[in-house]
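To start, the structure under review is shown below, and the notes come after it.
Chain naming here is simple, since letters A, B, ... match the order of the sequence lines and numbering starts at 1 in each. Keep in mind that this is a model prediction, so the values were computed, not measured.
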2 protein chains.
Amino acid sequence: MSLRHALLGLLADSPQTGYDLTKRFDQTLSGYAWSAGHSQIYPELKRMMGDGLVGVVDEGARGSKTYGITDEGRAELRRWMFSPVGDTPPRNEFVLRLFMLSSLDLADTRVLTENMAAASEQEVAELRQAISDIEKHTPADAGPGYARFAAEFGLRYFQLQADWARWVLSELEKHRDQPDS
Amino acid sequence: MSLRHALLGLLADSPQTGYDLTKRFDQTLSGYAWSAGHSQIYPELKRMMGDGLVGVVDEGARGSKTYGITDEGRAELRRWMFSPVGDTPPRNEFVLRLFMLSSLDLADTRVLTENMAAASEQEVAELRQAISDIEKHTPADAGPGYARFAAEFGLRYFQLQADWARWVLSELEKHRDQPDS
DNA sequence: GTTCGACATGTCAACACCAACATGTCAAAG
DNA sequence: CTTTGACATGTTGGTGTTGACATGTCGAAC
């Protein structure tokens with residue numbers, strides 16, 4: 001149940017409303033980490049309150065409730081962080097597609113791989129921009145920048161996709177002149 | 001609905017039984033692409049037959065049914081391969097955890113990152129072995145090796161995780177001597 | 001004063017997924 | 001002959017996930 005731990009992690013940073021958390025998922029985690037809509041988040045927050053992992057620390061305008069993490073929540077988060085990875089099976093549609101490349105003919109394979117490379121390079125460019133923004137708005141005396149760490153991972157990941165796709169293209173090229181024998 | 005397309009892709013290679021497909025998921029795709037148990041696969045095959053994407057091409061011993069992909073199935077697979085990626089949201093627990101690193105204290109962060117690096121390096125070693133096996137059993141005159149492509153992606157991915165974790169450790173080190181000011 | 005967009009929370013039906021339960025066949029070894 | 005392990009297919013209950021529906025507040029612009 002990773003949704004719960006994702007919420008705990010976000011609340012460990014600072015108390016937030018369900019609305020805030022929904023936006024954070026959309027802007028920060030979505031892309032290469034996790035995603036959740038508000039229809040999943042609100043009920044989960046209630047359940048977590050029932051389990052004593054979070055509490056309502058403030059009620060503002062428009063019926064908003066600000067949730068904060070409890071000591072019990074922090075303990076649970078830490079326990080999860082140190083538990084072995086792999087309890088949730090990996091699902092990656094990009095990788096799945098590349099496993100399926102063999103079902104296409106050579107011409108299609110080239111076009112598709114080219115598309116994948118271009119799309120990944122586009123994402124690399126966007127992330128580079130985002131990282132440059134992060135660094136602009138961070139004072140030089142700040143501690144280790146965790147948002148920067150995560151962004152760096154994303155950058156390297158998209159760069160990997162792009163590099164891999166270009167490598168596949170070059171391998172396909174090698175075999176074009178000598179289709180058999 | 002990626003399960004359907006994963007099955008189509010496997011069947012595009014050769015006709016297989018539900019049992020075969022279950023094993024293929026386990027051995028080939030599981031790890032960094034997709035996973036599915038037989039309790040998901042058998043009903044899905046039935047549904048796909050209802051939709052005309054696959055058909056039973058043979059019935060063997062022990063009540064086994066061998067499914068084959070139809071022309072309609074091939075068309076659907078091709079359509080999917082060329083549709084934009086990203087219709088299914090990414091879920092990656094490893095990445096989620098690294099987003100949550102900031103919730104730990106510095107000592108914990110170091111230990112955890114060290115763990116991540118070591119685990120990834122272990123997986124790199126295993127995959128290198130697997131790739132070397134693939135190349136040993138592939139005649140030199142074979143066409144482009146798609147299994148090799150996929151394995152290469154896995155290798156690069158785990159190498160990325162390891163490199164990233166080592167990089168984070170070095171960044172943490174930088175800030176140790178100058179915690180503030 | 002009303003309209004529009006962001007804020008804010010909720011429910012519900014349908015679908016995806018998984019672990020566990022359930023059943024039976026066939027071949028080989030002992 | 002019986003046991004064991006691989007082959008082979010199913011169902012079911014519970015949980016996770018999503019998109020659509022539903023409701024209401026507040027501030028600013030027109």
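Ion pair Glu114(B)/Arg166(B) flagged as a salt bridge, since at least one NZ, NE, NH1 or NH2 atom sits closer than 4.0 Å to an Asp/Glu carboxylate oxygen. Under a 4.0 Å N-O distance rule, the pair Asp13(A)/Arg24(A) qualifies as a salt bridge. Between Asp58(B) and Lys65(B), no side-chain nitrogen of the basic residue sits less than 4.0 Å from a carboxylate oxygen of the acidic one, so the salt-bridge criterion is not met. Salt-bridge annotation for Asp105(B) and Arg78(A): absent, with no side-chain N of the basic residue lying under 4.0 Å from a carboxylate O of the acidic one. Between Arg148(A) and Glu171(B) no salt bridge is recorded (no basic side-chain N to carboxylate O distance below 4.0 Å).
Side-chain polar atoms of Gln40(A) and Glu44(A) form no donor-acceptor pair below 3.5 angstrom. A donor-acceptor pair shorter than 3.5 Å can be found between the side chains of His5(A) and Glu76(A).
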Which nucleotides of nucleotides 7-17 of chain C have their base under 4.0 Å from a protein heavy atom (B), which only their sugar-phosphate (S), and which neither (-), written as one string 5' to 3'?
-> BBBBB----SS
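To the nearest angstrom, C1' of dG10(D) lies 16 Å from CG of Leu21(B). One interatomic measurement links the two molecules: CD of Glu59(A) to P of dC26(D), which rounds to 14 Å at whole-angstrom precision. What separates CD1 of Ile41(B) from P of dC7(D) is a distance of 15 Å, to the nearest Å.
Within residues 4-14 of chain A, no residue has a heavy atom under 4.0 Å from DNA chain C.
Tyr19(A) belongs to a hydrophobic cluster whose remaining members, ordered by chain and number, are Tyr42(A); membership requires side-chain heavy atoms of ILVMFWY residues under 4.5 Å apart, directly or through intermediates.
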